[in-house]
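The block underneath contains the structure these notes are about, expressed in structure tokens.
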Amino acid sequence: MYKRWLPPAITALLIVCALLVPHAGVSGAQEAGAAGATDVAGGTAGAAASNLVLEQTFTTVSNGWSKVERWKDNNPMFAVEDYPQDGRGDQDGQRLTFFGGVKKPHSSRFLLYYAPKYDTNPVKTPVLLVHGANDNADRAWANPNELGSYGCGAISCPSTGMMQDLVGKGYKVFAINFPHKQGDNYYSAEQIHDAITIIRNVTGESKVDVIGWSKGAFASRMYASSVKKAGGTSYSQDIRKLVLVGNPNKGFDYIFRHGWSHNLSIFPECGGVVNAPSPHTQMVCWGISRNHPELSIYNTASGNFFPGQKQMLAKWVDEYPLPVLEQDWYTTYHGGQGFFTNSNGIDAAIQQGSLVEPILNAGIPASIQTYLLSGDQNDIPAIHSEHTGPSDGVVFIASAAAVQGIGNVAGNVTVQHNHLQLGWAAASVNQIDQWLKQN
């Protein structure tokens with residue numbers, strides 16, 4: 001097997017596109033909480049706010065934000081999550097500073113970003129932006145060009161994003177940043193509730209509009225549907241409008257459908273560096289079989305490094321046939337030893353924790369006006385885009401536009417953009433603005 005070299009710009013794109021040791025803990029100083037930490041309790045936010053502690057506030061922030069806060073939720077449901085051992089999932093950039101220099105933050109911590117004019121803009125209902133897998137609030141919403149060319153789903157990327165556009169249109173904008181880039185959506189859903197609680201206290205409003213993108217949309221829908229762990233928080237009647245952008249509402253099977261090409265970007269001996277789950281536990285690189293169960297989507301003896309990806313899995317093989325010309329296509333999807341790879345198969349991964357059916361069955365309350373935004377361009381540069389059915393390059397339109405389990409479908413639009421462009425392109429922003437301003 002040859003080794004594939006990836007130029008920096010292409011590697012950056014693949015890192016963003018990722019959908020999908022001893023346990024790494026947090027520093028003693030951070031675990032104890034920053035000096036001057038503040039409890040948030042009472043008010044309109046309810047009893048859950050008593051778990052929240054403001055650890056630190058940062059006012060020197062790049063990418064146009066006004067300030068960033070680091071919060072800790074003391075709910076005992078939050079446990080230490082597994083991080084890839086080679087550091088590919090570590091926090092970086094200014095996020096590392098905001099997490100107190102801790103590369104592998106505890107699942108109980110998250111960042112809340114404040115946009116300019118969060119307290120003075122005229123639109124009444126505040127907006128919470130929720131980023132997707134292996135992404136962050138900066139690149140997703142404020143600087144699509146943070147990783148350079150190709151990192152936004154296009155050859156050239158803008159240096160401002162949806163955050164600045166919405167602020168310019170009069171919205172009070174906030175964004176959450178999760179501690180684990182591929183973490184458990186149960187934790188993400190709880191932290192979305194936490195962020196809404198804080199925003200309500202800050203603005204005095206009873207409800208928030210939530211815009212979730214990809215995995216962030218999946219977690220947002222989980223919260224709205226009260227799909228939670230023991231000790232988690234049920235939906236608290238605090239969302240006015242829910243915009244699901246490129247969300248795998250009925251799941252996706254991309255990594256098993258295109259496992260060979262996807263895997264080349266992951267296994268280090270093949271040149272892979274991407275923080276994304278492999279459908280394989282073994283792969284031949286340079287003529288030698290390489291064993292990396294810790295880079296797979298499965299929960300193995302090595303740990304459970306990509307729980308959020310398993311939770312979004314569903315089989316689409318009955319609707320869209322598999323690409324039979326791709327290497328090891330059958331064994332990758334159904335499990336077994338292929339010519340160059342070994343896979344446990346999608347059924348094994350689904351059985352380890354897919355939440356697609358529970359979320360669909362739980363449903364989104366009709367009190368929430370829910371909007372679906374999908375893309376129809378499978379032209380993401382430099383990756384093996386989804387091509388076996390109409391898609392945005394990652395998620396089938398039939399999944400992103402699926403209305404099953406939604407009590408109040410207030411809008412359902414497909415735009416001519418790929419999965420990465422959905423978060424910043426003008427057609428997406430203008431459509432979302434139109435939806436938010438409707439009564």
Original post:
Honestly, is K229 close enough over Y187, meaning NZ or CZ under 6.0 Å from the six-membered ring centre and within 45° of the axis?
Top reply: yes
What are the two closest non-hydrogen atoms of [X] and [Y], and how far apart are they?
{"X": "C152", "Y": "P144", "result": "CB-O, 3.7 Å"}
{"X": "E81", "Y": "P307", "result": "OE1-CG, 3.7 Å"}
{"X": "G393", "Y": "Y254", "result": "O-CE1, 3.8 Å"}
{"X": "W435", "Y": "L372", "result": "CH2-O, 3.3 Å"}

Original post:
When Y114 is tested against each of F58, W65, F174 for ring pair (Phe, Tyr, Trp, His ring centres under 6.0 Å), which residue passes?
Top reply: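 Exactly one option meets the ring pair (Phe, Tyr, Trp, His ring centres under 6.0 Å) with Y114, and it is F174.
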Original post:
Given H131, which of F110, F218, F178, Y113 fulfils the ring pair (Phe, Tyr, Trp, His ring centres under 6.0 Å) condition?
Top reply: F178
Original post:
Is the H193 ring parallel, tilted or perpendicular to the Y223 ring (thresholds 30°, 60°)?
Top reply: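 Correct class here is tilted.
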Counting only heavy atoms not in [X], do more than 12 sit closer than 6.0 Å to its [atom1] atom?
{"X": "Q416", "atom1": "CD", "result": "no"}
{"X": "K103", "atom1": "NZ", "result": "no"}
{"X": "K437", "atom1": "NZ", "result": "yes"}

Do [X] and [Y] have side-chain N/O donor and acceptor atoms under 3.5 Å apart?
{"X": "H292", "Y": "E294", "answer": "yes"}
{"X": "D433", "Y": "Y171", "answer": "yes"}
{"X": "T332", "Y": "H280", "answer": "yes"}
{"X": "E190", "Y": "T233", "answer": "yes"}
{"X": "Q352", "Y": "N299", "answer": "no"}

**OP:** Let me know which of K124, R240, R200 forms a salt bridge (charged side-chain N to carboxylate O under 4.0 Å, His left out) with E205.
**Re:** K124
Subject >> With sequence neighbours excluded, residues passing side chain to side chain donor-acceptor pair (under 3.5 Å) with N249 >> reply: R221, N247
Original post:
Who are the side chain to side chain donor-acceptor pair (under 3.5 Å) partners of E386, not counting sequence neighbours?
Top reply: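 For E386, the residues satisfying side chain to side chain donor-acceptor pair (under 3.5 Å) (neighbours in sequence not counted) are H258, T388.
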Original post:
Any side-chain heavy-atom pair from L295 and R88 closer than 4.5 angstrom?
Top reply: yes
**OP:** Only pairs at least two apart or in different chains count here, so list each salt bridge (charged side-chain N to carboxylate O under 4.0 Å, His left out) that has a residue in residues 354-379.
**Re:**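 For residues 354-379: none.
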Original post:
Any ion pair linking D119 and K172 (charged N to carboxylate O, less than 4.0 Å)?
Top reply: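 Salt bridge between K172 and D119, a charged N being under 4.0 Å from a carboxylate O: no.
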Original post:
Are R70 and E55 close enough for a salt bridge, meaning some N to O gap below 4.0 Å?
Top reply: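 Answer for the salt bridge query: yes.
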Original post:
Could you go step by step and tell me if D184 and Q311 meet the side-chain hydrogen bond (donor to acceptor under 3.5 Å, both in side chains) rule?
Top reply: CA-CA 8 Å; D184 192 324; Q311 291 165 342; 2.8 Å; yes
Subject >> side chain to side chain contact (heavy atoms under 4.5 Å, CB included) partner of V210, chosen from I196, I199, I368 >> reply: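 Only one of I196, I199, I368 forms a side chain to side chain contact (heavy atoms under 4.5 Å, CB included) with V210, namely I196.
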